[in-house]
Structures are given as C-alpha cells and as structure tokens.
Amino acid sequence: MARILSIDYGRKRTGIAVTDPLQIIAGGLATVSTSELFDWLQQYVSREEVERIVIGEPRQPNGQPSENLQRVQQFVNRWRKAHPELPIDYYDERFTSVLAHQAMLDGGLRKKARQDKALVDEISATIILEDYLRSRK
C-alpha cells in the first residue's frame, strides 16, 4: 500500500500530515510556506509512494464556502493538471483548528507552544487525515 497525505491549506502556511504505508496511523509531517507547497509536494511524492492527497475544504460553520476556498480550488486545479495520476480529494475541515487547539491543551502543551501557528496547522492536517481514514471504514 501507499501513503495518504493530507493538507490544511492556509494563506501563509500549510500543514501537512501523512499516514504510514499501511494507512493505519496518521501523523503530522511538516508545515511549509504556502508559496512553496506545490514544489514541496512534488519532491515528496517523488521520494515516497503516495496513493492519494486529501485537502481540507474550508467552509464556514453554516456550510457556506469560506474566503479561502477559492485559493484551495486554484491549488487543486493546478495539482490535477500537473499530476492527473495522483488523485486529490476535498474533505470538510470545519472545526479542525478548534480541535487542534483542544488537542494541544489536552496534551499539556504550554501556552507558548500553543501559540505556534505552524504546529496548529500540522495538527489540523492530522485531524483531517484521521477523520478521512475513519470515514472510509
């Protein structure tokens, strides 16, 4: 089997998580500058076997598209054009940042660590991936 990679796409930073090759465990991988994301992903998928990419679909709590959705769609369209062999799917990301902050609190992280936005993005990507894996079962 190959890995599944997830993306929590942000205006400035993007959190990335990935499964193990058996697709059992999801773990945070990195936070990269969004301007470098496309190249970073291309390098990663050239080194690792990735079966699918799951990207958070930004929606408001009422289900309406958020302001970031257009940027995410542009990225997805660019990826699909360059890499039609590697599917990229949307997955609802509502409340992942809230859940990430709660996970940091539950994990006992100090206030300074909880203010690290890059860590929040990476944890959010992990939550997206964990939810996606659960939804497939």
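Please read these numbers as outputs of a predicted model, since none were measured by experiment. Note: hydrogens, waters and symmetry copies are ignored here, and every other heavy atom, side chains too, is used.
Here the closest heavy-atom approach between residue Thr34 and residue Arg11 is recorded as CB-O, 3.7 Å. In this structure, Asp121 and Arg13 approach most closely via the heavy-atom pair OD2-NE, 2.9 Å. The shortest heavy-atom contact between Ile128 and Gly56 is CD1-CA, 3.9 Å. Closest approach of Ala26 to Glu130, counting heavy atoms only: CB-CG, 3.8 Å.
Ring pair Tyr132/Tyr91 is perpendicular by interplanar angle, where above 60° counts as perpendicular and below 30° as parallel. Using a 30° and 60° split on the angle between ring planes, Trp79 and Phe38 fall in the perpendicular class, above 60°.
Looking only at side-chain heavy atoms (C-beta outward), Arg59 and Pro65 come within less than 4.5 Å of each other. Under the 4.5 Å side-chain criterion, counting only non-hydrogen atoms from C-beta, Glu57 is in contact with Leu69.
When hydrophobic clusters are built by joining Ile, Leu, Val, Met, Phe, Trp and Tyr residues whose side-chain heavy atoms come closer than 4.5 Å, directly or via intermediates, Leu41 is grouped together with Val32. There is no path of hydrophobic side-chain contacts, each under 4.5 Å, that joins Val76 to Val54. In the hydrophobic clustering of ILVMFWY residues, with side-chain heavy atoms under 4.5 Å counting as a link, Val45 and Ile55 come out together. In this structure, Ile123 is not a member of the same hydrophobic cluster as Leu29, with clusters built from ILVMFWY side-chain heavy atoms closer than 4.5 Å. Under a hydrophobic clustering in which Ile, Leu, Val, Met, Phe, Trp and Tyr are joined whenever their side-chain heavy atoms come within less than 4.5 Å, directly or via other members, Val18 and Tyr90 fall into the same cluster.
Members clustered with Ile25: Leu22, Ile24, by chain and number, using a 4.5 Å side-chain heavy-atom cutoff among hydrophobic residues.
To the nearest 0.5 Å, the span separating CG on Asn77 from CD1 on Ile88 amounts to 9.5 Å. Rounded to the nearest 0.5 angstrom, Leu129 CG and Leu5 CG are separated by 8.0 Å. The CD atom of Glu51 sits 12.0 Å away from atom CZ of Arg3, with the distance rounded to the nearest 0.5 Å. Put simply, CZ on Phe75 and CD1 on Ile53 are 6.5 Å apart, with the number rounded to the nearest 0.5 Å. Note that the CD1 atom of Ile16 and the OG atom of Ser124 stand 13.0 Å from one another [nearest 0.5 Å]. Distance check: Leu86 CG to Gln42 CD gives 10.5 Å after rounding to the nearest 0.5 Å.
Contacts of Arg80 classified as salt bridge (charged side-chain N to carboxylate O under 4.0 Å, His left out), with partners at least two apart in sequence or in another chain: none.
Enclosure of atom CZ in Arg136 by more than 12 non-hydrogen atoms of other residues, nucleotides or ligands within 6.0 angstrom is indicated.
Look at Asp89 and Arg52 and you find a salt bridge, because one of the NZ, NE, NH1 or NH2 atoms lies within 4.0 Å of a carboxylate O, short of that distance.
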request  = Evaluate the criterion side-chain contact (heavy atoms from CB on, under 4.5 Å) for residue pair Ile7 and Val72; output intermediate values, then yes/no.
outcome  = CA-CA 10 Å; Ile7 298 171; Val72 171; over 6 Å; no
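For residues 19-44, there are no salt bridge (Lys or Arg N to Asp or Glu O under 4.0 Å) pairs, not counting sequence neighbours.
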